Amino acid sequence: TFRAVSFGAGTRPTTASASNRPQMVVDPIRTLPDQIGKYPVLRKLGDGATSEVYLCRDEFQGRDVAIKRVRPASTSDATANRYSERFFAAEAALVGRLQHPNVVKIYDAVSDPASQYLVMEYVRGLNLRESLADRGRYTPRQALVVLQAICTGLSVAHEEGIVHRD
C-alpha cells in the first residue's frame, strides 16, 4: 500500500514496507547537526529548495520523527523575516489539523530565532525513486493506486483551504 505525504513534508510517497530502525550515522567530518531543538539527528533524509529533512529521535515519546528545517531567508529585511515567521506558524497550525491516513501527521512546529522546523511523523519505507530502482516500472494499475493515494491526501488538504506548494 502507498501513502501520500503531507503538505510541505519534503518527501515522496512511500511503501509500507518495514525496515530496521535507522542507526546513528557516523560522519568523521560531521556535516550534520548533532541536534535540532531537543531531537538528536540520526541522518539526513533529503532536501529541497526551501528546507532540509532529517530523521531524528524523539526520546520522550520513544519514536523516530522527520524534521523539516526551513532554511533561513536570504534577506536581511526584518519585516520580511517577521512575515515569514508568522506565515510559517500559521501554515503549520493549518496543516497540523489535518487528520487522514494519506497525510503525514505534524506533531509540533517550532519558530525560534535560530531556526524554524516542523516535527512530523516518520513513515518508514522507500521513496518513489528507490521503489522504482528496486522493482522497476509500475504497471498502469499500480501507478493509479499511488496517484489515487496522493490525490486523496491533496484533496483533504484542499478541502481545508490548503494548497500544496512542493
Side-chain angles (χ1 to χ4, degrees), residues 1-19 21-22 24-25 32-74 80-131 145-166:
T1 60
F2 286 85
R3 180 172 189 175
V5 296
S6 79
F7 171 78
T11 56
R12 295 173 183 79
T14 59
T15 64
S17 65
S19 63
R21 186 174 178 279
M24 179 69 84
V25 175
L32 296 176
D34 290 327
Q35 287 199 184
I36 298 175
K38 66 178 183 177
Y39 305 95
V41 174
L42 301 177
R43 66 181 169 97
K44 189 172 188 176
L45 295 173
D47 57 351
T50 61
S51 61
E52 301 169 320
V53 181
Y54 296 91
L55 176 63
C56 298
R57 185 73 182 159
D58 181 343
E59 299 292 348
F60 181 74
Q61 294 292 332
R63 63 183 172 201
D64 291 337
V65 294
I67 293 186
K68 180 179 182 179
R69 186 170 67 174
V70 180
R71 288 192 181 99
S74 60
N81 288 336
R82 279 194 305 278
Y83 174 78
S84 175
E85 289 173 14
R86 287 186 185 144
F87 182 77
F88 172 83
E91 185 177 61
L94 282 172
V95 175
R97 290 194 326 240
L98 296 177
Q99 297 294 316
H100 190 274
N102 290 25
V103 178
V104 172
K105 293 177 185 83
I106 294 182
Y107 299 131
D108 195 10
V110 177
S111 182
D112 64 33
S115 69
Q116 298 174 323
Y117 57 93
L118 296 175
V119 181
M120 303 176 292
E121 171 186 19
Y122 172 62
V123 179
R124 285 184 169 84
L126 305 174
N127 67 33
L128 186 55
R129 179 178 292 133
E130 293 165 341
S131 180
V145 169
V146 174
L147 289 172
Q148 182 178 18
I150 292 168
C151 290
T152 300
L154 287 172
S155 177
V156 168
H158 288 185
E159 288 170 7
E160 295 296 321
I162 298 169
V163 177
H164 193 300
R165 297 178 301 156
D166 284 346

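Since we're looking at a predicted model, the values are computed, not measured. For reference, positions follow the sequence shown, starting with 1.
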Full working for side chain to side chain contact (heavy atoms under 4.5 Å, CB included) between Tyr107 and Asp58: CA-CA 11 Å; Tyr107 299 131; Asp58 181 343; 5.8 Å; no
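- Checking side-chain atoms of Glu130 against main-chain N and O of Asn127 turns up a donor-acceptor pair under 3.5 Å.
- Here CD1 of Ile106 is found 10.0 Å from CD of Gln99. Values are rounded to the nearest 0.5 Å.
- Here the closest non-hydrogen pair linking Asp64 and Tyr122 is O-CB, 3.7 Å.
- Rounded to the nearest 0.5 Å, atoms CE (Met120) and NZ (Lys68) are 6.5 Å apart.
- Of all heavy-atom pairs between Gln116 and Ser111, the closest is NE2-OG, 3.3 Å.
- Within a 6.0 Å sphere centred on CD of Gln148, heavy atoms belonging to other residues, nucleotides or ligands number 12 at most.
- Here the CZ-SG distance, from Arg43 to Cys56, works out to 11.0 Å after rounding to the nearest 0.5 Å.
- Atom CD1 in Ile67 sits 5.0 Å away from atom CD1 in Ile36 (nearest 0.5 Å).
- Here the OH atom belonging to Tyr54 is positioned 13.0 Å from the OH atom belonging to Tyr117, to the nearest 0.5 angstrom.
- With contacts defined as side-chain heavy-atom distances shorter than 4.5 Å, the pair Leu98/Ile162 qualifies.
- One distance of note links NE2 of His100 with CD of Glu160; it measures 11.5 Å at 0.5 Å rounding.
- Across Val41 and Pro33, no two heavy atoms sit closer than the pair CB-O, 3.2 Å.
- Between Val103 and Glu121, the shortest heavy-atom distance links the atoms O-OE1, 4.3 Å.
- Between Ala109 and Leu118, the shortest heavy-atom contact is CB-CD2, 3.7 Å.
- Contact record, Gln35 with Pro40: CG-CA, 3.8 Å, taken as the closest heavy-atom pair.
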